[in-house]
Amino acid sequence: MNKLSAKISPSSGPQPVAFHLPSPASEKDHHEHTLVQDESDSERPSKRCCARCPFRVVRRVACGLILAACVAVSWAWGTNSAKDTLIRHPAPFFIIWFCSIWNILFFPLYYLCHLLTEKQKQLPTTEFRKCSQFLGEELTVRVILKGAAPFSVLWSLSGYLYLLALCRISKVDVSAVLCCSQAFIFLLSWIGLKDRFMGVRIVAAILSIIGLVMLAYGDGFHSDSITGVALGVGSASASALFKVLFRKRAGNVQPGPASVLLSCVGLCSFVLHSWVCVLLYFTHVEYWLPSQHIPWDKLCVMASLLLVFNVLVNLGGMFTYPSLISLGILLTIPASADTFVTETLQMSHVRAAAAGIISAGYLMLQLPENWDESTLRWLSTLWRGNWREDSIVGEETVMDTAGIARAKPKPAVVTLN
């Protein structure tokens, strides 16, 4: 029987394969496939070159480092200005009320960033309705004030306690205490939002608490350190509750909804909290003579710096990676360290150790949820790659259609019957 068949050795069950002569149409298709493959092969080196030279990633990282430095500098400068303002005008609630009003500028600044970064531009009203869906479908002044009023109370409470703490402890201690807000966010999210339990974050929260106790012990338990640290913890807790409630209300925190909420917070502060300033003034809790000069220049500098800090923290994710912005928040501790270095404080080594422990806990809190699986996968891939490189010597590799290197199969032995 005149029939061609092929058998692949050393396979135990050979299957006959019939060879057919190619038709003209198949030859044409084969020629077109060869041309497409040649074009793809010619384009593949440029794609691999782009993969090896990620200019966009480098640009985002460089932008993130610059923004992180700006975050640290704006916070340190704003804290210094706040302390000077409190010395010249000791009215903390009036100061934080004045600074909170500046939050109205959040959404205009976000819309400006939207025009710079997005290809499809939208009208301000359209973008505002898109970003304010968490407040409700029908947007009225009553709905906006009702939805943003609890957040404005938490915002003002956090700022008020921050200024009270700044009157009793140093700027470094206040910055270190406020970095513990991330630990409180994790605990509240774990309890209220049912976030995933992570042992490393529990350890980070414990480290943050240890650092707080060490800061309180810095000048002994019979000084203003305990009161100042307690006020700072209250400020950090109010800030953490603010962020957790916003996550529960709007889901994942995005720059657009965050800008709308903070603008509404500024509006609520102007409309609802003005009477609190009047009440504190007439009850002589925060009283100053009508002839007393109010340092409006210091107030404007402080308000603008805090606005810059909050804009970079909440809108910086549009230009870079959020982890780099978090690094900038951590850098606020050494950026505020001028008085800590120059002044001779009792048991300064305890404060330095506390700041280091809080910083370590803060960095551990920045680890992603699947950091352990990713690390084990990377180590496993690295180990398997080294083993294959050492054991399989001389094995040729080819590039498949996806550009992935694979081992080239050895040629099969063909026998004709």
Side-chain angles (χ1 to χ4, degrees), residues 74-75 78-104 106 145 148-171 173-181 184-185 188 212 215-216 224-246 261-288 294-296 298-307 309-310 313-314 332 336:
S74 61
W75 173 263
T79 303
N80 186 35
S81 179
K83 199 150 191 172
D84 294 341
T85 305
L86 286 171
I87 295 174
R88 298 178 59 181
H89 189 70
F93 191 86
F94 173 77
I95 293 174
I96 200 62
W97 170 79
F98 180 79
C99 294
S100 299
I101 295 177
W102 286 53
N103 287 338
I104 298 177
F106 250 93
L145 293 178
F151 296 99
S152 66
V153 172
L154 291 174
W155 182 274
S156 299
L157 178 62
S158 177
Y160 180 67
L161 295 177
Y162 154 73
L163 293 179
L164 291 180
L166 199 59
C167 295
R168 290 169 171 81
I169 55 179
S170 65
K171 295 181 291 184
D173 295 347
V174 173
S175 300
V177 171
L178 292 183
C179 283
C180 296
S181 175
F184 301 149
I185 291 174
L188 291 175
L212 292 175
L215 283 178
D224 289 339
S225 295
I226 297 180
T227 305
V229 171
L231 292 171
V233 170
S235 176
S237 302
S239 177
L241 185 59
F242 177 94
K243 296 179 180 180
V244 171
L245 289 179
F246 180 53
L261 177 64
L262 291 175
S263 294
C264 295
V265 165
L267 181 63
C268 287
S269 298
F270 179 74
V271 175
L272 302 178
H273 297 173
S274 302
W275 61 271
V276 180
C277 294
V278 176
L279 181 63
L280 294 177
Y281 179 82
F282 284 106
T283 56
H284 286 222
V285 176
E286 292 185 0
Y287 179 78
W288 58 91
I294 299 177
W296 293 109
K298 293 286 185 181
L299 285 173
C300 291
V301 170
M302 175 187 171
S304 59
L305 288 172
L306 292 181
L307 177 64
F309 172 80
N310 289 305
V313 170
N314 291 279
T332 58
S336 305

Straight-line distance of [X] [atom1] to [Y] [atom2], nearest 0.5 Å:
{"X": "N80", "Y": "S336", "atom1": "CG", "atom2": "OG", "value": "8.5 Å"}
{"X": "N310", "Y": "S74", "atom1": "CG", "atom2": "OG", "value": "8.5 Å"}
{"X": "S263", "Y": "I104", "atom1": "OG", "atom2": "CD1", "value": "7.5 Å"}
{"X": "T85", "Y": "I294", "atom1": "OG1", "atom2": "CD1", "value": "12.0 Å"}
{"X": "K83", "Y": "L166", "atom1": "NZ", "atom2": "CG", "value": "5.0 Å"}
{"X": "I169", "Y": "L215", "atom1": "CD1", "atom2": "CG", "value": "7.5 Å"}

Would you call the rings of [X] and [Y] parallel, tilted or perpendicular, taking 30° and 60° as the class edges?
{"X": "F151", "Y": "F242", "value": "perpendicular"}
{"X": "F93", "Y": "Y160", "value": "perpendicular"}
{"X": "W97", "Y": "F270", "value": "parallel"}

Handout entry: Sidechain-backbone polar pair: R88 side chain, D84 backbone, donor-acceptor under 3.5 Å
Key =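 Looks like no, no N/O pair under 3.5 Å.
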
Check: [Y] and [X] side chains under 4.5 Å, non-hydrogen atoms:
{"X": "L261", "Y": "F106", "answer": "no"}
{"X": "L241", "Y": "S237", "answer": "no"}
{"X": "H273", "Y": "S100", "answer": "no"}
{"X": "L212", "Y": "C180", "answer": "yes"}
{"X": "L306", "Y": "W102", "answer": "no"}
{"X": "L163", "Y": "I95", "answer": "yes"}
{"X": "L178", "Y": "W75", "answer": "yes"}
{"X": "W155", "Y": "S239", "answer": "no"}

Give me the atom names and distance for the closest heavy-atom approach of [X] to [Y].
{"X": "P92", "Y": "L164", "answer": "CG-CD2, 3.9 Å"}
{"X": "G234", "Y": "L161", "answer": "C-CD1, 3.6 Å"}
{"X": "S269", "Y": "S156", "answer": "OG-OG, 4.1 Å"}
{"X": "L145", "Y": "C268", "answer": "CD2-SG, 3.6 Å"}
{"X": "V301", "Y": "S81", "answer": "CG1-OG, 4.0 Å"}
{"X": "A216", "Y": "I226", "answer": "O-CG1, 4.0 Å"}

Exercise for the section: Tell me, yes or no, whether the heavy-atom count around K298 atom NZ, taken from other residues, nucleotides or ligands under 6.0 Å, exceeds 12. Expected result: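 No, not enclosed.
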
Practice task
Verify side-chain hydrogen bond (donor to acceptor under 3.5 Å, both in side chains) between S235 and S158, making sure each step is shown before the conclusion.
Solution key: CA-CA 4 Å; S235 176; S158 177; 3.2 Å; yes

Practice task
Output, in order, the C-alpha distance, side-chain angles, deciding distance and verdict of side-chain contact (heavy atoms from CB on, under 4.5 Å) for Y162 and V177.
Solution key: CA-CA 10 Å; Y162 154 73; V177 171; over 6 Å; no

Problem - Verdict with supporting geometry, W288 and F94, side-chain contact (heavy atoms from CB on, under 4.5 Å) - result: CA-CA 11 Å; W288 58 91; F94 173 77; 4.2 Å; yes

Exercise for the section: Run the numbers on E286 and Y281 for side-chain contact (heavy atoms from CB on, under 4.5 Å), then give the verdict. Expected result: CA-CA 5 Å; E286 292 185 0; Y281 179 82; over 6 Å; no

